[in-house]
Amino acid sequence: MLFESFELKNLKLKNRIVMPPMCMYSADTEGFANDFHISHYGSRAIGGVGLIIQEATAIDPDGRISINDLGIWRDDHIPGLKRIVDVIHQHGSVAGIQINHAGRKAKVEDPIGPSAITYGGEYITPREMTLDDIKKTVYDFKMAARRAQSAGYDLLELHAAHGYLLFQFLSPISNHRKDIYQDGKILLKEVVEAVRTEWPKEKALCIRISAYEYVKEGVTPEMMADAINSVKHLGVDIIDVSSGGNVLVKINAFPGYQLHLAKKIKDLTKLPVMGGGLITTLELAQYAVSSLQTDLVYLGRVLLREPYLVINQFKDFGVELEYPKPYIRGKK
Ligand SMILES: Cc1cc2nc3c(=O)[nH]c(=O)nc-3n(C[C@H](O)[C@H](O)[C@H](O)COP(=O)(O)O)c2cc1C
């Protein structure tokens, strides 16, 4: 199952293994990609990962998580991003990109958010977004989608997880607005609509969500499924299920700790899902796909330390996989 292909619209994955978006904070301060990104994403593509989703890439310099985030807020970011897409394609993988605005979690002097409520810790209290700020953010998402299309990505992922801006609107913890945007689904809908005017309808659109906040005041899987169901008719194809990130709370993470959330979201939305969380072996990934009906499985941190995990272990699954030719003499 794990090594079965997966097709969805334009996506044709050779296996169900995904490298999820992981910020590398290695761009220059203007958000440009460099040789590190080529080596980093290129080696996971050589390593046999089916789908690589590029790290949270900022749609607005004031929406960055750090000053070294990759950027997609300017047209001249496109050539550097295209190099990343090309190296991923060259080595037989499929290229996704996560686009993001960090909202109240942006490391800037004047962060914005749905309400003037701080995330806590060292984070500054954000300024409550005006209607113009919201309009600009929707436009920035739209323009980022246009640039992602120009750079040649196969999948576009909207970051609505981990306490970043789109999620901040969806959570009752961070959104205390009194206008129509007190319903965070309205902003999500506007963003999906705007992005869909640029991102071709035959290409897959993904939303990453936090399905649970680990505190009773936060969102539930049912609330997040409801948000997805309110936009899915606009052309949302797959949901990337994660959790947490909007409240400073300790999460008891164990291997596969978020897989039940992926299953719940799939049941409630009837959309394909990506699931994961502390999956460090292909055996567990296989279990997620075959027994829990997770369509795709993401392996994050383990791929940081073991970029060649997939090509080193696929034989244990009795499958043949195209091995990178230059490395054949090193094959186990
Ligand atoms: C270094 C690092 C950076 C991350 N950056 C992002 C990010 O840019 N966007 C995102 O949605 N999640 C991000 N995450 C979360 C991962 O995508 C993944 O969901 C999480 O690490 C759980 O999977 P794992 O246990 O297999 O690592 C990051 C995680 C790590 C370790």
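Atoms within each ligand, like the ligands themselves, are counted from 1 in listed order.
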Participant: Looking at Phe32 versus His77, is the centre-to-centre ring distance below 6.0 Å?
Facilitator: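 Under 6.0 Å, so yes.
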
Participant: Please list, by chain and number, the protein residues whose heavy atoms come under 4.0 Å of ligand 1.
Facilitator: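 Ligand 1 pocket, heavy atoms under 4.0 Å: Pro20, Pro21, Met22, Cys23, Ala56, Gln98, His159, His162, Arg208, Gly277, Leu278, Tyr298, Leu299, Gly300, Arg301.
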
Participant: Who are the ring-ring contact (aromatic ring centres under 6.0 Å, His included) partners of Tyr257, not counting sequence neighbours?
Facilitator: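 Expected list: none.
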
Participant: With respect to Asp267, which candidate in Lys263, Lys264, Lys270 satisfies the salt bridge (Lys or Arg N to Asp or Glu O under 4.0 Å) definition?
Facilitator: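 Output: one option passes, namely Lys263.
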
Participant: Determine, for Asp60 against Lys142, whether the closest basic-nitrogen to carboxylate-oxygen distance falls under 4.0 angstrom.
Facilitator: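 No, this pair does not count.
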
Participant: Might you confirm whether atom OH of Tyr287 has over 12 heavy atoms from other residues, nucleotides or ligands at distances under 6.0 Å?
Facilitator: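 No - once you tally the heavy atoms of other residues, nucleotides and ligands closer than 6.0 Å, there are 12 at most.
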
Participant: Could you check whether Tyr214 and Tyr212 have their ring centres less than 6.0 Å apart?
Facilitator: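 Yes, they do, as the ring centres are separated by less than 6.0 Å.
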
